[in-house]
Chemist: 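I have a structure I would like to understand better, so I am pasting it below and will then ask my questions one at a time.
As a basis for the values below, the full set of heavy atoms in this structure was taken, side chains included, without hydrogen atoms, waters or symmetry mates.
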Amino acid sequence: CGAPATNATVSAKVKHEIEMKALSLEQLGGRGLARESALNGSWRLLYSNAREITNLASDLPLGFALGPTYQPVDLSTGRFENQAVVVNTFGIARASTTVVGDVRPAPLQTVNAAGV
């Protein structure tokens with residue numbers, strides 16, 4: 001389907017490895033990453049621990065499954081979106097969902113809504 005891996009679909013070991021590597025990258029870039037121009041654009045998610053994506057990746061009924069998921073980031077407006085597609089393996093339906101958020105540096109010693 002092209003769905004991203006999530007903390008609900010990978011082993012605890014893989015989840016830990018991914019999240020430790022993400023933490024290392026964040027520490028390398030400091031809190032200024034939210035202002036980095038290279039962040040602008042539409043990104044296809046390969047892994048997500050965001051609740052709205054994780055919920056779609058687990059146990060959907062009747063042949064529905066999470067498909068490709070993208071995260072457009074626009075620093076000029078300070079916004080990002082999680083855009084997920086839900087597909088049906090029988091081809092009878094397709095749906096999508098979008099969650100909008102703000103891109104800004106988080107205060108030190110805090111955790112964002114996605115848990116990272």
Side-chain angles (χ1 to χ4, degrees):
C1 279
T6 72
N7 55 327
T9 62
V10 299
S11 70
K13 179 181 179 214
V14 170
K15 172 188 174 238
H16 179 74
E17 289 173 3
I18 291 170
E19 293 187 1
M20 288 299 99
K21 288 182 192 264
L23 181 61
S24 295
L25 285 172
E26 288 175 357
Q27 290 170 341
L28 260 177
R31 292 291 188 181
L33 287 177
R35 294 186 202 98
E36 190 63 43
S37 64
L39 189 59
N40 267 324
S42 186
W43 298 86
R44 181 167 178 203
L45 298 183
L46 300 179
Y47 176 84
S48 178
N49 65 355
R51 186 174 35 247
E52 68 273 9
I53 303 303
T54 300
N55 288 345
L56 290 173
S58 308
D59 302 322
L60 290 176
L62 306 171
F64 286 96
L66 178 62
T69 302
Y70 294 88
Q71 189 174 72
V73 176
D74 185 345
L75 294 180
S76 68
T77 62
R79 307 293 281 192
F80 76 92
E81 297 178 11
N82 280 343
Q83 300 174 340
V85 175
V86 176
V87 296
N88 183 270
T89 55
F90 307 112
I92 60 172
R94 182 181 176 104
S96 64
T97 184
T98 300
V99 176
V100 178
D102 296 318
V103 177
R104 65 181 181 279
L108 291 174
Q109 306 300 317
T110 63
V111 176
N112 67 31
V116 177

Chemist: Show the numbers, then the answer: is there a salt bridge (Lys or Arg N to Asp or Glu O under 4.0 Å) between Glu17 and Lys13?
Modeler: CA-CA 6 Å; Glu17 289 173 3; Lys13 179 181 179 214; 3.7 Å; yes
Chemist: Could you pull out the closest heavy-atom pair between Leu66 and Ala84, with the gap in Å?
Modeler: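 Scanning both residues, the minimum pair turns out to be CD1-CB, 3.8 Å.
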Chemist: Are Val85 and Arg94 side-chain neighbours, meaning at least one heavy-atom pair lies under 4.5 Å?
Modeler: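 Yes, close enough: below the 4.5 Å cut-off.
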Chemist: Consider side chain to side chain contact (heavy atoms under 4.5 Å, CB included). Of Val86, Val87, Leu56, which one does Phe64 pass it with?
Modeler: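 Of Val86, Val87, Leu56, side chain to side chain contact (heavy atoms under 4.5 Å, CB included) with Phe64 is met by Val86 alone.
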Chemist: Might you work through the side chain to side chain donor-acceptor pair (under 3.5 Å) test for Thr54 and Asn7, ending with a clear yes or no?
Modeler: CA-CA 7 Å; Thr54 300; Asn7 55 327; 2.9 Å; yes
Chemist: Tell me whether Val14 is reachable from Met20 by hopping between hydrophobic residues (I, L, V, M, F, W, Y) whose side-chain heavy atoms are closer than 4.5 Å.
Modeler: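 They do not share one cluster, since no chain of ILVMFWY contacts under 4.5 Å joins Met20 to Val14.
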Chemist: Report, as yes or no, whether the 6.0 Å neighbourhood of atom CZ on Arg79 holds more than 12 heavy atoms from other residues, nucleotides or ligands.
Modeler: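 More than 12 heavy atoms, drawn from other residues, nucleotides or ligands, come within 6.0 Å of this atom.
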Chemist: For residues Lys15 and Val10, report the shortest heavy-atom separation together with the two atoms involved.
Modeler: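 Lys15 and Val10 have their closest heavy atoms at N-CG2, 3.8 Å.
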Chemist: Where do Glu19 and Tyr47 land on the side chain to side chain donor-acceptor pair (under 3.5 Å) test, with the steps shown first?
Modeler: CA-CA 10 Å; Glu19 293 187 1; Tyr47 176 84; 3.0 Å; yes
Chemist: Where do Asn82 and Phe80 come nearest, in terms of heavy atoms and distance?
Modeler: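 Result for this residue pair: OD1-CE1, 4.1 Å.
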Chemist: Flag the pair Leu75 / Leu39 as yes when at least one side-chain heavy-atom distance between them is below 4.5 Å, and no otherwise.
Modeler: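 Yes. Closest side-chain heavy atoms under 4.5 Å.
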Chemist: Answer yes or no: is there a donor N or O on one side and an acceptor on the other, between the side chain of Asp74 and the main chain of Gly41, under 3.5 Å?
Modeler: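 No.
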Chemist: Tell me whether Leu62 shares a hydrophobic cluster with Ile92, the cluster being built from Ile, Leu, Val, Met, Phe, Trp, Tyr side chains joined at under 4.5 Å.
Modeler: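 They do not share one cluster, since no chain of ILVMFWY contacts under 4.5 Å joins Leu62 to Ile92.
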Chemist: Does Thr6 use its side chain to pair, donor to acceptor, with the backbone of Pro4 at less than 3.5 Å?
Modeler: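 Side chain of Thr6 to backbone of Pro4: no pair is present.
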Chemist: Would you say Thr89's side chain and Gly63's backbone share a donor-acceptor pair under 3.5 angstrom?
Modeler: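 A pair under 3.5 Å: yes.
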Chemist: Give the minimum heavy-atom separation between Tyr70 and Pro68, together with the two atoms involved.
Modeler: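 That would be CE1-CB, 3.7 Å.
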Chemist: Return the CD to CD1 distance between Gln71 and Ile53, rounded to the nearest 0.5 Å.
Modeler: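 Output value for this atom pair is 8.5 Å.
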Chemist: Measuring from Glu52:CD to Gln83:CD, what's the distance to the nearest 0.5 Å?
Modeler: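 CD of Gln83 is found 12.0 Å from CD of Glu52.
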